[in-house]
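Below: the structure, in structure tokens.
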Amino acid sequence: MLSFASLKVWEKPEIKRNLWWYYEVANNRKPAKYLICRRIPAEINPTKAEENTLWDMHEKLSKEFQGLFNKIAEDKLSLKELPIAKPNFLDIKVELAKRMLKHCNFCRWNCRVDRTLGTKHGTCQLESESRVSSYFHHRGEELPIRGTGGSGTIFFTSCNMRCAFCQNGDISHDKYNGVIFTPYMVALAMWQLRLEGCHNINLVGGEPTIHLHTIVEAISLLRFFDDRKTLPQIMIAKADGFLPYRMNKGNALYHDEFNTPILWNSNMFMSRETLTILREIVDIWLPDFKFGNNKCAVRLSRTPWYFETVSDNHRTIYEWGENIVIRHLVMPNHVECCTKPVLRWIAENMPGVPVNVMDQYHPDCACNPNDPNYDPRYSDMARYPTRDEVLEAYRYAQELGIPFEEITFERSVYGYNV
Ligand code: SF4
């Protein structure tokens, strides 16, 4: 069987250029960013500091991180030379996420509710608990992400957008879906998936942003565990638990430490604060760019401020030089108003970034006439995109010079003949 590292897709210049860091971490040739964060001492007691002080410290440590990251990336410094610090940069991030939870501003809704009390709810309807709907080796993601061993995907429950056509409605629209997972249980699931051969830990939902506090703390706990007692508790949510995967420490080994790339699979409707916290722990971004204007975002997702928020977050991660693959779903009757403006914006603002122009839209939830929740106001969305619509999206991406072929066509049901 081919190994992940020997897949032909890595020979494609646009993939190699855009996903180089992720590739190195996935193959345990470089440490994940969270391992670098652990080496950066925080000179304050995070639990005692004011929130403003924590942000100031975060800004300072972020600069230190960039210096270390560049040296490690260029092989001018080894992680072995850097002792683990306590408290460290990760502890600052964990504490900041906990403080934010008390006046929740994880995403652009900026609801300002105290989710630890549970007396008032924001748009996502969540309190402080996180639920995992399922976790498993995802074999349906893009080739560099699913590789040969699958993408270690953790589906968190609920969402901060309310897409009428949601293709994961059972997870996104039902806040009680799944099993309550503590940060420790999430970390254990990450450990299990990686030791079983997954190439990354793929955090998705619903939407991972609304679980920021749980996820950041889980990442701070990552290590080689020796806990076979808790494993059966989390295995209730493991969708492929019946498969006989063997756990091999070598799949995650980097200088005796547990190593895995962290992948953020998100609608990007997050706040600047959330993006700032994620910067030094996400190794590869898999953002969605759905709507080309706010009118469609409000009508189909009941989400205001969509375009400015999502485009700004995309631009920021691009300017930071992050590893990114963008996803855009071609929707029926939305090629002119959404697909084209989104692709044009990407070509102008994020040149060279690979885009998966996805053809797999199917009518679901309120857009599916066979669903009890069907709403006739969305009858324009109650069909698959036509062949002409999908081919027009491909043609336009090609005209704009977007590198999309390698990431899009391996699973496309349409030929590329434009
Ligand atoms: S995560 Fe977003 S939607 Fe949920 S309470 Fe916080 S700001 Fe509101």
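Counting begins at 1 with the first residue of the sequence. In listed order, ligands and their atoms are each counted from 1.
Interface of Phe106 with ligand 1, defined as ligand atoms under 4.0 Å from a residue heavy atom, comprises 1 (S).
Looking only at protein heavy atoms, the nearest one to atom 3 (S) of ligand 1 is Cys124 N, 3.4 Å. Of all protein heavy atoms, the one closest to atom 2 (Fe) of ligand 1 is Cys107 SG, 2.3 Å.
Of the listed residues (Ser271, Cys111, Gly122), the one carrying the non-hydrogen atom nearest atom 8 (Fe) of ligand 1 is Cys111.
Between the side chains of Glu196 and Asn251, no donor-acceptor pair of N or O atoms lies under 3.5 Å. A donor and an acceptor atom, one from each side chain of Thr153 and His138, are nowhere located under 3.5 Å apart.
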side-chain contact (heavy atoms from CB on, under 4.5 Å) between Asn323 and Tyr23, intermediate numbers included
CA-CA 10 Å; Asn323 283 203; Tyr23 175 84; over 6 Å; no
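The 12-atom threshold is exceeded at NZ of Lys175, counting heavy atoms of other residues, nucleotides or ligands nearer than 6.0 Å. The local environment of CD in Glu129 is sparse, with at most 12 non-hydrogen atoms from other residues, nucleotides or ligands closer than 6.0 Å.
For Cys104, every N, O or S atom stays at 2.8 Å or more from atom 2 (Fe) of ligand 1.
At a 4.0 Å heavy-atom cut-off, ligand 1 touches Arg115 through the side chain alone. Here Asn110 has backbone heavy atoms under 4.0 Å from ligand 1, and that is the only part of it that gets that close.
In this structure, Lys33 satisfies the cation-pi test against Phe69, with its NZ or CZ atom closer than 6.0 Å to the six-membered ring centre and inside 45 degrees of the ring normal.
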